[in-house]
Protein chains: 2
Amino acid sequence: MIKQGIEIEHAAALLKLLGDKTRLTMVKILADHDCCVCEFVEIFDTSQPAISQHIRKLKDAGLVKESRRGQWIFYSLNQEYEQFDFVQLLLNALPSQEEKLTELEKQGKRISCE
Amino acid sequence: MIKQGIEIEHAAALLKLLGDKTRLTMVKILADHDCCVCEFVEIFDTSQPAISQHIRKLKDAGLVKESRRGQWIFYSLNQEYEQFDFVQLLLNALPSQEEKLTELEKQGKRISCE
DNA sequence: TCATCATATAATAATACACTTATATAATCA
DNA sequence: TGATTATATAAGTGTATTATTATATGATGA
């Protein structure tokens, strides 16, 4: 039998995870751009450990994955996440957070390491 | 300017509210049926104050409304809720909880007062 | 009016959460 | 190799959350 859709318990846990302004915004941003911790620190004007701890929760849930590029670790949405469709449904209903990145760019604080 | 969609802060608060197994299931059930507290007490096999407190959170957020019918207070989704579309989007992605009500019915514990 | 049923509210206690500070790890670069 | 930069982790703290117990309110029906 093919498992389809999301169980309600799982959904509740996921919504709880996303039910935090910082994490939700992070995930929305990650839907369009890979980012590293130091960028989020700038964007949210908060401490590095606070960001790392949010990232860890997202990673533990399987929602984001990491890839090291030199000095930096870049995070991105994990397209293989079991309930990726559900997450996308949600994210599509949210307003773009693009301006947060363009602001970063403007300040010359966007990291790119191609 | 017409306000459209949901702000990310508001969305986070809403997801947090729904990020609880009991509340999420309640809301999913209420999408199809009005229910009263004592029914939820049966369905979730939990205490009456616990249910009342969950209901209050949903009511405070504007997500559900109440109407007294005799001895009982029936709760239902508030279709006028500001972000009702967003909530519906979410609920539609969740599996039916219909069996919880049919189970109630079978036990003769469904309240109806027409 | 009194007993009962449905629900709300208050007080409390246990747990979870998100931040802070301090420190560790890991890569880079002089 | 030693300094620097990026990130993770650990420990501690204040606050939020959720349940419990006890009590109050409000409607019904004998």
Side-chain angles (χ1 to χ4, degrees), chain A residues 9 12-27 30 34-61 63-76 104 107-114, chain B residues 8-9 12-27 30 33-61 63-76 104 107-114:
Chain A
E9 282 200 37
L14 180 53
L15 296 184
K16 183 175 183 175
L17 184 70
L18 296 177
D20 173 277
K21 187 189 139 197
T22 303
R23 284 195 295 270
L24 185 61
T25 309
M26 284 169 94
V27 169
L30 288 175
D34 294 9
C35 282
C36 60
V37 168
C38 59
E39 292 175 310
F40 284 130
V41 169
E42 289 294 332
I43 288 172
F44 295 106
D45 193 30
T46 185
S47 74
Q48 174 266 312
I51 295 296
S52 278
Q53 283 160 24
H54 282 303
I55 291 261
R56 184 139 81 106
K57 290 200 172 194
L58 295 173
K59 223 175 46 177
D60 286 351
L63 211 61
V64 309
K65 57 183 185 180
E66 66 181 39
S67 72
R68 185 176 275 276
R69 297 184 210 156
Q71 205 170 359
W72 298 279
I73 299 175
F74 278 76
Y75 290 93
S76 57
L104 252 202
Q107 296 177 253
K109 287 173 175 166
R110 186 88 167 93
I111 308 288
S112 75
C113 56
E114 257 56 54
Chain B
I8 203 138
E9 282 199 38
L14 178 54
L15 296 183
K16 182 177 183 176
L17 184 70
L18 296 176
D20 173 277
K21 187 189 140 197
T22 303
R23 283 194 297 269
L24 185 62
T25 309
M26 283 169 95
V27 169
L30 289 176
H33 311 273
D34 294 8
C35 281
C36 60
V37 168
C38 59
E39 291 174 311
F40 284 131
V41 169
E42 288 296 331
I43 289 172
F44 295 106
D45 193 30
T46 184
S47 74
Q48 174 265 313
I51 295 296
S52 278
Q53 283 160 28
H54 282 304
I55 292 260
R56 184 139 80 106
K57 290 199 174 194
L58 296 173
K59 224 175 46 178
D60 285 352
L63 210 61
V64 310
K65 56 183 185 182
E66 65 180 40
S67 71
R68 186 176 274 277
R69 296 185 210 157
Q71 203 171 2
W72 298 279
I73 299 176
F74 277 77
Y75 291 93
S76 57
L104 252 202
Q107 295 177 253
K109 288 176 176 167
R110 185 90 168 92
I111 308 287
S112 74
C113 55
E114 257 54 57

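Please read these numbers as outputs of a predicted model, since none were measured by experiment. Chain letters run A, B, ... following the sequence lines, proteins first and then strands; every chain starts at 1.
If you measure from atom CD of B:E42 to atom C1' of C:dA6, you get 13 Å, rounded to the nearest angstrom. Distance NZ (B:K21) to P (D:dT17): 20 Å, rounded to an integer number of Å. Here the P atom of nucleotide C:dT25 and the CH2 atom of A:W72 are 23 Å apart, to the nearest Å. For B:D20 and D:dA16, the CG to C1' distance is 14 Å, given to the nearest whole Å. Between the P atom of D:dT18 and the CZ atom of B:F40 lies a distance of 16 Å, rounded to the nearest Å. With rounding to whole Å, A:R56 atom CZ is found 7 Å from D:dA10 atom P. The interatomic distance linking B:F44 (CZ) with D:dT18 (P) rounds to 14 Å, in whole Å. In this entry the distance linking CG of A:L58 with P of C:dA18 reads 11 Å, nearest Å.
The main-chain N or O of B:L17 is found under 3.5 Å from a side-chain atom of B:R23 such that the two form a donor-acceptor pair.
Taking only side-chain atoms of B:Y75, from C-beta outward, the nucleotide of C:dC17, C:dT20, C:dA8 with the closest atom is C:dA8. Listed nucleotides: D:dA19, D:dA11, D:dT7. Nearest to the side chain of A:Q53: D:dA11.
Contact between the side-chain N/O atoms of A:R23 and the OP1/OP2 oxygens of C:dA18 is found at a separation under 4.0 Å. Residue A:S52 has no polar side-chain atom (N or O) positioned under 4.0 Å from OP1 or OP2 of D:dT7.
B:K16 comes within contact range of the sugar-phosphate backbone alone, with a heavy-atom separation under 4.0 Å but no base atom that close.
When each of A:I55 and A:Q71 is assigned the nucleotide of DNA chain D bearing its nearest heavy atom, the one mapping closer to the 5' terminus is A:Q71. Heavy-atom distances to DNA chain C give each of A:T46 and A:R68 a nearest nucleotide, and the one nearer the 5′ end belongs to A:T46. When each of B:H54 and A:Q48 is assigned the nucleotide of DNA chain D with its nearest heavy atom, A:Q48 is the one assigned upstream, toward the 5' end.
Once rounded to the nearest 0.5 Å, the distance linking CZ of A:F44 with CE of A:M26 reads 6.0 Å.
A salt bridge does not link B:E39 to B:K109: none of the charged side-chain nitrogens sits closer than 4.0 Å to a carboxylate oxygen. Electrostatic pairing of B:K57 and B:D20 does not count as a salt bridge here, judged by no charged N lying under 4.0 Å from a carboxylate O.
Annotation for B:D45: atom CG does not count as buried by contact number, only 12 or fewer foreign heavy atoms lying within 6.0 Å.
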